[in-house]
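Since the structure comes first, as structure tokens, the remarks are kept for the end.
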Amino acid sequence: MWLFGRDPVRDFGFEMGAAEPDPEPNGVWKRLRGHRKADGQPVTVFVHTLGTGDPTGTARARCALRRFRTLRHPNILGYLDSLETEQCLYLVTEAVTPLRCHLRDAGGLSEEEVAWGLQQLLTALAFLSRSGLVHGAVGLDAVFVDPGGEWKLGGLEQVGGGGQEPAPRPPNEPPRPQDPPELSGGGNGSGEPWAGDMWRLGCLIWELFNGPLPRASALRNFGKVPRPLLAPFSQLVAADPSTRPSPEQLLELGGRPGAFLSSAIATTARGLEQLQVQDPPQRRAFLQQLPALLPSLPSAFRHHKLLPRLLQALEFGSADAAALPPLLQVAKALDPPEYQRRIVPVIVRLFASPDRALRMRLLQQLEDYIEFLPEATVSSQIFPHVARGFLDTNAAIREQTVKSLPLLAPRLPEAQRGRELPPLLCRLQGDALGPLRCNATLCLGRVAPLLPPTVRQRVLAPALARATRDPFPPTRAAAVAAFAATHRCFTAAECAGRVLPTLCPLTLDPDRSVREQAFRAIRSFLEHLEAAAESGGGTEGASPGVVAPPEAAAGGPGGLGAAVSWAVTSLTARLMGGTEGGSPPGPPLETPAETPTETSAETPVETPTAPPQEPPSEPTPLNDFDCWDDDWGSLEDVEQPQSPPPSTKDKAELGGSQPDSPPPTAAPPRDPPSAQDEEWGTSTEWGTEDAWEALPSPRGPTPDPSRRQREQQRRREMEARRAERRGGARGPPKLGTRKLD
């Protein structure tokens with residue numbers, strides 16, 4: 001009967017990979033790559049072959065295995081598992097690289113990286129010293145580097161003390177330059193047990209900056225050792241062991257402000273280790289200074305050390321909203337699959353948090369991570385929480401929710417955009433705060449191209465028309481800007497029947513900026529209608545399904561992005577007391593004073609009596625309209641358009657001669673005259689049309705005598721009708737007045 005035994009290596013929880021050649025193997029272990037079978041986590045496997053006739057090497061390997069099992073410290077190479085078979089001895093640790101190989105691959109280390117590594121080595125040696133142990137083999141082959149750049153102390157084959165004898169050294173082993181002089185009898189006494197380790201640490205510092213140590217006498221030449229490190233280096237390589245500092249003393253001296261060990265990496269690493277036990281004010285101060293320190297930190301440290309600690313702090317609630325900016329800044333360097341696996345689940349959980357400060361930070365930083373969020377995640381897990389911000393009692397939350405909507409809308413399905421966005425924005429148009437109503441109007445104009453055609457045709461024009469009647473002047477200006485930016489969303493019939501009747505009353509708005517923009521938008525829509533009439537005699541310029549180009553919806557040239565930027569920075573910062581950009585939210589906002597801009601009546605200017613200049617028959621194409629809204633950095637700084645001057649008064653009423661009218665290129669009066677109703681007329685006509693004909697035309701005159709005569713005849717008829725309305729109660733004309741034609 002055959003008996004089959006089970007292979008212990010096959011049942012081992014780790015898979016061995018290929019061997020990694022070491023430049024100077026110590027002859028005891030052979031290093032292999034491996035991974036955990038359960039989750040694929042990479043590990044390092046040290047293998048020692050048994051039965052090779054080297055009892056000293058086997059004894060050292062067993063001593064190292066025993067020490068790894070019992071010594072657990074963050075700065076000592078982490079032990080995971082071990083296995084002993086008839087042929088080999090397996091030691092599994094965390095994934096590391098020997099420091100010698102790391103120096104070769106990286107081409108050298110910066111002073112801050114060396115300072116951080118030395119601090120970790122001193123911490124490990126201090127732990128061994130407090131435990132009554134001595135390492136006995138500190139050097140490049142005994143130090144390992146993990147993927148995050150953190151140094152780990154390994155090479156525990158020579159560890160002794162604590163009532164146990166160290167492993168025997170190989171026979172006939174030649175002395176090395178790193179051995180302390182007291183071992184060869186050249187030192188002045190033996191000193192403390194840790195004195196030999198401190199000498200070897202000094203040799204390690206010399207090799208980090210100058211290369212391999214040829215002989216012990218070369219330590220007298222400092223070479224490239226940094227100046228801040230010269231004093232502790234000289235103490236470490238002192239011939240008298242009693243003058244060498246202990247690990248605790250060196251840590252205390254080097255950690256002082258301005259000392260070599262007080263680098264940005266060491267300070268950040270120390271803050272991360274104490275993050276869980278710090279008071280909330282200290283934790284918040286540390287997290288707020290992290291974004292400024294990130295450029296000086298190595299990429300490996302940010303990816304493997306800083307990012308996991310921040311994720312852990314946010315997940316378990318030990319960090320507040322201050323941890324979000326550095327987290328998102330570090331996460332930008334991740335690959336998309338890794339971002340989806342590590343960052344997106346945390347963001348989804350944070351959106352469900354009731355903490356208002358955290359929600360505010362998430363909305364302010366939305367631009368940094370929105371591109372990495374899947375559309376399904378945004379639609380089902382993130383947007384429902386964002387939509388509740390429209391109903392929040394805090395005005396700052398409502399404001400930031402409106403600002404984030406143009407970024408979220410493209411990630412939502414079209415049906416959801418048409419079903420949920422218009423009610424939310426229309427509801428916010430009735431908010432008690434004027435700046436919020438202004439931002440809601442601008443946001444509606446920006447997301448309008450993303451709405452379904454039927455919803456856009458039903459909602460857009462009425463919602464913007466409602467904003468034109470808002471008592472807050474910037475909201476009315478935002479409505480005009482939204483009309484202009486969404487002109488591609490309206491057909492020619494809608495422009496004539498819905499848009500222009502809404503914009504025309506704004507030409508008499510008390511606020512000058514609103515009037516100027518209204519005139520500008522009206523001229524642009526009229527050119528659009530002229531182009532449509534010339535092309536087909538009423539053919540629609542655009543169907544309801546035609547939307548603005550992508551750059552218009554995204555805030556590019558010709559779109560509403562600059563206007564939205566104006567609303568959320570200039571207007572909101574001044575009127576709502578908030579801050580710009582991604583700064584922390586201020587106190588709850590108060591309703592600003594909504595007072596219209598004061599207007600001053602000026603003397604009306606007489607229109608020219610010369611025949612007006614007629615424009616050519618070819619209208620200006622609508623593309624010319626796109627030029628004027630390319631620079632909407634601030635609605636207060638737009639170029640002032642030339643408003644139509646008021647019509648002339650009858651000189652019989654003035655009782656004297658009227659001053660000459662300004663040339664066509666002269667600037668119009670700043671404000672309309674006080675008697676606006678009388679000037680524009682009370683009948684179905686818009687008043688004297690010579691006021692519009694007096695506007696400067698860049699197209700030049702058209703020599704058409706018959707048309708000019710018809711215009712003059714029509715003007716005389718209008719003047720006659722006006723005289724009949726005024727009646728005969730005026731009496732005879734005064735002397736010195738000119739009789740009308």
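Below, each value reflects all heavy atoms present in this structure, side chains not excepted, and no hydrogens, waters or symmetry copies.
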Show your working on side-chain contact (heavy atoms from CB on, under 4.5 Å) between H73 and L153 and close with a plain yes or no. CA-CA 10 Å; H73 190 270; L153 182 60; over 6 Å; no
Any side-chain to backbone donor/acceptor pair from [X] onto [Y]? Under 3.5 Å, distance only.
{"X": "R411", "Y": "V378", "result": "no"}
{"X": "K152", "Y": "P74", "result": "yes"}
{"X": "E113", "Y": "S110", "result": "yes"}
{"X": "H48", "Y": "V28", "result": "yes"}
{"X": "S353", "Y": "D355", "result": "yes"}
{"X": "S404", "Y": "L363", "result": "no"}
{"X": "H135", "Y": "G154", "result": "yes"}
{"X": "R33", "Y": "M16", "result": "no"}
{"X": "K403", "Y": "Q364", "result": "no"}
{"X": "T268", "Y": "A264", "result": "yes"}

Looking only at heavy atoms, which two atoms of [X] and [Y] are closest? And how far apart?
{"X": "A313", "Y": "L275", "answer": "CB-CD2, 3.8 Å"}
{"X": "L250", "Y": "P245", "answer": "CD1-CG, 4.3 Å"}
{"X": "L65", "Y": "S82", "answer": "CD1-CB, 3.6 Å"}
{"X": "R302", "Y": "P295", "answer": "NH1-O, 4.5 Å"}
{"X": "C203", "Y": "P177", "answer": "SG-O, 4.4 Å"}
{"X": "P42", "Y": "A95", "answer": "O-CB, 3.6 Å"}

Evaluate the side-chain contact (heavy atoms from CB on, under 4.5 Å) criterion for residues L366 and V386: first the C-alpha distance (whole Å), next the side-chain angles of each, then the deciding distance (0.1 Å), finally the verdict. CA-CA 11 Å; L366 184 61; V386 176; over 6 Å; no
Does one side chain, of [X] or [Y], offer a donor that lies under 3.5 Å from an acceptor on the other?
{"X": "E207", "Y": "Q178", "result": "yes"}
{"X": "Q416", "Y": "S379", "result": "yes"}
{"X": "Q120", "Y": "T123", "result": "no"}
{"X": "R31", "Y": "T44", "result": "no"}
{"X": "E157", "Y": "W29", "result": "yes"}

Can you tell me how far the [atom1] atom of [X] sits from the [atom2] atom of [Y], to the nearest 0.5 Å?
{"X": "C88", "Y": "Y90", "atom1": "SG", "atom2": "OH", "value": "4.0 Å"}
{"X": "L109", "Y": "F209", "atom1": "CG", "atom2": "CZ", "value": "8.5 Å"}
{"X": "R69", "Y": "D81", "atom1": "CZ", "atom2": "CG", "value": "8.5 Å"}
{"X": "L306", "Y": "R309", "atom1": "CG", "atom2": "CZ", "value": "9.5 Å"}
{"X": "L297", "Y": "L290", "atom1": "CG", "atom2": "CG", "value": "8.0 Å"}
{"X": "F260", "Y": "L229", "atom1": "CZ", "atom2": "CG", "value": "4.5 Å"}

Please list all pairs passing the salt bridge (charged side-chain N to carboxylate O under 4.0 Å, His left out) test where one or both residues lie in residues 261-289, with sequence neighbours left out. R284-D320
Could you walk me through whether D197 and R244 pass the salt bridge (charged side-chain N to carboxylate O under 4.0 Å, His left out) check? CA-CA 10 Å; D197 289 341; R244 299 170 193 166; over 6 Å; no
With salt bridge (charged side-chain N to carboxylate O under 4.0 Å, His left out) as the criterion, how do R62 and E84 come out once you've worked through the C-alpha distance, each side chain's angles and the decisive distance to 0.1 Å? CA-CA 10 Å; R62 294 184 183 277; E84 183 176 356; 2.7 Å; yes
Do [X] and [Y] have side chains that approach each other closer than 4.5 Å (heavy atoms only, starting at C-beta)?
{"X": "W199", "Y": "V138", "result": "no"}
{"X": "E112", "Y": "W116", "result": "no"}
{"X": "V92", "Y": "F46", "result": "no"}
{"X": "E420", "Y": "F383", "result": "yes"}
{"X": "T377", "Y": "I347", "result": "no"}
{"X": "Q87", "Y": "L50", "result": "no"}
{"X": "V344", "Y": "Y369", "result": "no"}
{"X": "L91", "Y": "V45", "result": "no"}

Begin from the C-alpha positions of I370 and Q365 and carry the test side-chain contact (heavy atoms from CB on, under 4.5 Å) through to its verdict. CA-CA 9 Å; I370 185 62; Q365 304 287 332; over 6 Å; no
Is there a side-chain contact (heavy atoms from CB on, under 4.5 Å) between F68 and L156? Walk through the geometry before answering. CA-CA 7 Å; F68 276 115; L156 304 183; 3.7 Å; yes
Other residues, nucleotides, ligands: >12 heavy atoms within 6.0 Å of Q289 CD: yes
Within 6.0 Å of CZ in R227, more than 12 heavy atoms from elsewhere: no
Just list the side-chain donor-acceptor pairs under 3.5 Å for residues 324-341, sequence neighbours left out, or say none.
| from | atom 1 | to | atom 2 | distance (Å) |
| --- | --- | --- | --- | --- |
| E338 | OE2 | H303 | NE2 | 3.2 |
| E338 | OE2 | R342 | NH1 | 2.9 |
| Q340 | NE2 | F372 | O | 2.3 |

How about W206 and F222: are their ring centres within less than 6.0 Å of each other? no
